[in-house]
Amino acid sequence: QEGFAWRPTFAEFVSRYKLVAFPLNKIKLVQENSRTAKRIIEYAGLDNFMVGHTRLFLKYYHADQMEEALRKFYRTVLNVQCVIRGYFARRILNRLKERARMNAAERAAAEQRDAEERARLEAIRLEREAEQAREAEEEAAQLAEQERLQREKEEIDQRAQQQLKQAEELEEQKRAAERERQEAEAIAMAKIKAAEEALAAKKKAEEEAERARKQREDALRLAEEALTRAEQTEVQVDQLAREAEEARAAKEQAEKEAQRQRIERQKSRKKRTEDSARQAQEAAEKAAEEARLAEQARLAKEKADEEARQAEAARQEKLRQSREEKEKQMLEEIRRIEEEAAKTKAFAEEQARIAAEALAAKHEADEIARRAEEDRKAVDQRVAEEHAAEEAEFVAADFHRPDFDLNQRVHSLIEITVPADLHVDSRTVKGWLLKIGQHRKSWKRRWFVLDLTSMVLHYYENEKEKKEKGSIPLDLVLRCYSPSEQKRQNLFMVETLQRTYFMQATSPEAMRAWVAAISVVPLFNDLQQNGRHNTHSI
């Protein structure tokens with residue numbers, strides 16, 4: 001109980017207790033904010049309370065006090081209704097009594113006057129209702145315009161967020177495409193390396209084939225050398241054959257010599273016999289030796305021919321097998337290399353296509369990101385310009401600034417020269433206006449003084465400013481405007497929570513200047529409550 005037991009929000013408090021402090025015809029214009037809630041509390045006479053950012057901090061007994069103020073209001077309303085009903089009942093009774101004393105002609109005339117009065121009052125009521133309907137339409141239009149602007153700002157924010165999100169997604173896609181491109185390049189480099197290794201293997205196979213060819217040439221050379229040796233052996237065999245032929249010739253010569261010796265032995269038998277036998281024996285031995293050598297030469301030649309033929313056949317078979325094996329290996333290696341080269345080429349082409357597609361996607365993503373960035377920059381620039389304009393408008397409308405110039409502010413609002421009969425300086429505006437009375441509905445000429453230092457619009461009987469006839473607190477002014485349909489020229493209205501003031505200026509320029517000067521405070525309050533908040537939220 002010693003703390004703040006009751007903590008209603010501004011909207012809850014104002015919605016329930018706004019009847020306590022504001023007239024019924026202004027209830028729709030009451031805003032549910034901290035300033036209105038504080039004004040209700042001050043009107044109810046509460047103390048020992050606190051005002052937070054979004055709610056009020058009140059004692060437990062403040063609820064009873066506010067309910068009592070609300071019940072007092074309802075009792076006052078009932079009393080006023082009773083008084084008004086009694087007043088109208090007495091008027092009706094008096095009128096009936098008066099009609100009873102009248103004759104028929106007077107009664108008809110009175111009824112006609114009553115009908116005219118009722119028609120006039122009905123016309124006034126209809127006109128008032130039409131005026132209220134127009135005001136409600138204007139307020140609805142203003143609210144709709146504010147809602148539309150708020151929706152547009154929200155849509156702009158949403159579009160900006162979506163564009164930023166799309167830009168981030170495109171950036172992620174771009175990074176993914178870059179990673180895929182790098183992976184494709186790595187795979188392509190690996191394939192290129194494999195192709196280079198295949199080419200190196202092919203080159204190595206060619207070198208092996210070249211070495212095999214050289215070995216084949218060496219084998220052919222060795223075969224030729226063996227053939228040459230065989231030919232040399234054949235020459236030697238021919239030579240041995242010639243020697244054998246010579247031996248046969250020598251044998252024949254020996255036989256001839258033996259024949260001769262036999263003839264001679266006939267002359268000397270014994271000596272000739274001995275010499276002949278010895279020579280025959282020597283010739284036979286020599287012939288046998290030559291025949292043996294010839295046979296050996298023949299056999300050696302046949303053996304050499306056989307060996308050369310076998311060696312040539314083995315060499316040819318070995319060369320054929322080696323050549324077939326090498327050719328098979330080379331064909332297999334070439335086929336494998338060609339297949340790998342074709343696969344490598346196809347993969348490289350595929351990777352090149354993927355890389356081209358990735359590059360095109362990257363360019364497209366870059367283009368989309370660039371357009372999104374340009375759109376975002378345009379939105380940021382537009383929002384910054386709006387923010388700067390709102391900030392400039394807020395600074396220009398801030399009449400609390402020491403360097404605030406009311407004359408310059410009025411000139412910027414109406415964009416015309418201030419009339420000479422209106423005295424405007426940096427903090428005050430002075431001039432004559434016609435004002436309609438609150439109780440007596442007659443127009444009075446008053447000297448008005450608007451003072452921003454005291455935040456009050458004073459009005460006096462004359463320009464000496466001695467006798468004040470009344471004042472209007474500027475912080476209670478809701479709006480100041482000139483109605484669209486005017487029965488009097490240069491008419492404008494100052495609307496507050498308690499009352500609406502009707503005033504008439506001396507000229508259209510003076511009317512516009514007075515409307516601009518009186519609107520300085522409510523315009524700044526609106527900017528402070530709405531525009532400033534929106535500016536920060538943006």
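Here the structure is a predicted model, which means the values were calculated and not measured.
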N/O donor-acceptor pair under 3.5 Å between [X] side chain and [Y] backbone:
{"X": "Ser482", "Y": "Leu491", "answer": "yes"}
{"X": "Arg55", "Y": "Arg7", "answer": "yes"}
{"X": "Ser412", "Y": "Arg409", "answer": "yes"}

(message) With no hydrogens and no angle check, just 3.5 Å: does a side-chain donor-acceptor pair link Gln158 and Gln162?
(response)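 No.
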
(request) Would you check if there is a donor-acceptor pair between the side chains of Lys26 and Thr500 at a distance under 3.5 Å? (result)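 Yes - a donor-acceptor pair under 3.5 Å links their side chains.
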
Rounded to the nearest 0.5 Å, how far does [atom2] of [Y] lie from [atom1] of [X]?
{"X": "Tyr60", "Y": "His62", "atom1": "OH", "atom2": "NE2", "answer": "10.0 Å"}
{"X": "His411", "Y": "Leu406", "atom1": "NE2", "atom2": "CG", "answer": "13.0 Å"}
{"X": "Glu152", "Y": "Glu386", "atom1": "CD", "atom2": "CD", "answer": "9.0 Å"}
{"X": "Leu422", "Y": "Met511", "atom1": "CG", "atom2": "CE", "answer": "12.5 Å"}
{"X": "Ser471", "Y": "Met455", "atom1": "OG", "atom2": "CE", "answer": "13.0 Å"}
{"X": "Leu478", "Y": "Ser519", "atom1": "CG", "atom2": "OG", "answer": "11.5 Å"}

Just wondering, do [Y] and [X] contact through their side chains at under 4.5 Å, heavy atoms?
{"X": "Asp64", "Y": "Glu68", "value": "no"}
{"X": "Glu42", "Y": "Lys38", "value": "yes"}
{"X": "Pro483", "Y": "Met493", "value": "yes"}
{"X": "Phe492", "Y": "Val515", "value": "yes"}
{"X": "Glu178", "Y": "Lys174", "value": "no"}
{"X": "Glu495", "Y": "Tyr481", "value": "yes"}
{"X": "Val494", "Y": "Met503", "value": "yes"}
{"X": "Glu509", "Y": "Pro419", "value": "yes"}

Taking NZ, NE, NH1 and NH2 as the nitrogens, is one of them in [X] or [Y] under 4.0 Å from a carboxylate oxygen of the other?
{"X": "Arg371", "Y": "Glu367", "result": "yes"}
{"X": "Arg134", "Y": "Glu138", "result": "no"}
{"X": "Lys377", "Y": "Glu374", "result": "no"}
{"X": "Lys203", "Y": "Glu207", "result": "no"}
{"X": "Glu172", "Y": "Arg175", "result": "yes"}
{"X": "Glu332", "Y": "Arg335", "result": "yes"}
{"X": "Glu317", "Y": "Arg320", "result": "yes"}

(request) Test side chain to side chain contact (heavy atoms under 4.5 Å, CB included) on Asn407 and Val424 and set out the steps. (result) CA-CA 6 Å; Asn407 188 8; Val424 183; 3.7 Å; yes

(message) For Glu131, I'd like to know if atom CD has over 12 heavy atoms of other residues, nucleotides or ligands within 6.0 Å.
(response)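 It does: Glu131 CD has more than 12 such atoms within range.
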
(message) How about CZ on Phe73, more than 12 heavy atoms from neighbouring residues, nucleotides or ligands closer than 6.0 Å, or not?
(response)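 Atom CZ in Phe73 is packed in, count exceeds 12.
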
Closest non-hydrogen atom pair, [X] against [Y]:
{"X": "Phe22", "Y": "Ile27", "value": "O-CD1, 4.1 Å"}
{"X": "Leu58", "Y": "Ile41", "value": "CD2-CD1, 4.1 Å"}
{"X": "Ala69", "Y": "Val20", "value": "CB-CG1, 4.1 Å"}
{"X": "Asp425", "Y": "Arg427", "value": "OD1-N, 3.1 Å"}
{"X": "Trp6", "Y": "Ala63", "value": "CZ3-CA, 3.4 Å"}
{"X": "Phe57", "Y": "Phe4", "value": "O-CD2, 3.2 Å"}

(request) Go through the steps for Phe13 and Lys18 under the test side chain to side chain contact (heavy atoms under 4.5 Å, CB included), then give the verdict. (result) CA-CA 8 Å; Phe13 188 81; Lys18 59 187 176 181; over 6 Å; no

(request) Assess Lys430 against Phe448: is NZ or CZ under 6.0 Å from the centre of the six-membered ring, and within 45 degrees of the ring's axis? (result)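 Cation-pi check for Lys430 and Phe448: fails.
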
(request) Flag this pair as yes if the NZ/CZ of Arg401 is under 6.0 angstrom from the six-membered ring centre of Phe404 and inside a 45 degree cone about the axis; otherwise no. (result)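 So Arg401 doesn't make the cation-pi contact.
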
(request) Given side-chain hydrogen bond (donor to acceptor under 3.5 Å, both in side chains), test Glu325 with Gln329 step by step and report yes or no. (result) CA-CA 6 Å; Glu325 185 68 23; Gln329 291 179 357; 3.1 Å; yes

(message) Working note: Glu217 + Arg221, criterion salt bridge (charged side-chain N to carboxylate O under 4.0 Å, His left out); need CA distance, chi angles, decisive distance, verdict.
(response) CA-CA 6 Å; Glu217 290 178 354; Arg221 182 176 56 77; over 6 Å; no

(request) State which residues pass side-chain contact (heavy atoms from CB on, under 4.5 Å) with Gln310; sequence neighbours excluded, sorted by chain then number. (result)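 side-chain contact (heavy atoms from CB on, under 4.5 Å) check on Gln310 returns Glu306.
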
(request) Sort and list the pairs that fulfil ring-ring contact (aromatic ring centres under 6.0 Å, His included) and have at least one residue in residues 507-526, not counting sequence neighbours. (result)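 Non-adjacent pairs meeting ring-ring contact (aromatic ring centres under 6.0 Å, His included): Phe394-Phe524, Phe399-Phe524, His400-Phe524.
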
(message) Please determine whether side chain to side chain contact (heavy atoms under 4.5 Å, CB included) holds for the pair Val520 and Leu450, giving the CA-CA distance in whole Å, both sets of side-chain angles, and the decisive distance to 0.1 Å.
(response) CA-CA 11 Å; Val520 166; Leu450 186 147; over 6 Å; no

(request) Take His423 and Val429, measure what side chain to side chain contact (heavy atoms under 4.5 Å, CB included) needs, and give me the verdict at the end. (result) CA-CA 6 Å; His423 307 284; Val429 180; over 6 Å; no

(message) Using the rule side chain to side chain contact (heavy atoms under 4.5 Å, CB included), only one of Ile472, Ile518, Val477 pairs with Tyr501; which is it?
(response)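 Of the listed residues Ile472, Ile518, Val477, the side chain to side chain contact (heavy atoms under 4.5 Å, CB included) partner of Tyr501 is Ile472.
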
(request) Output, in order, the C-alpha distance, side-chain angles, deciding distance and verdict of side-chain hydrogen bond (donor to acceptor under 3.5 Å, both in side chains) for Glu12 and Tyr17. (result) CA-CA 9 Å; Glu12 293 172 353; Tyr17 299 109; over 6 Å; no

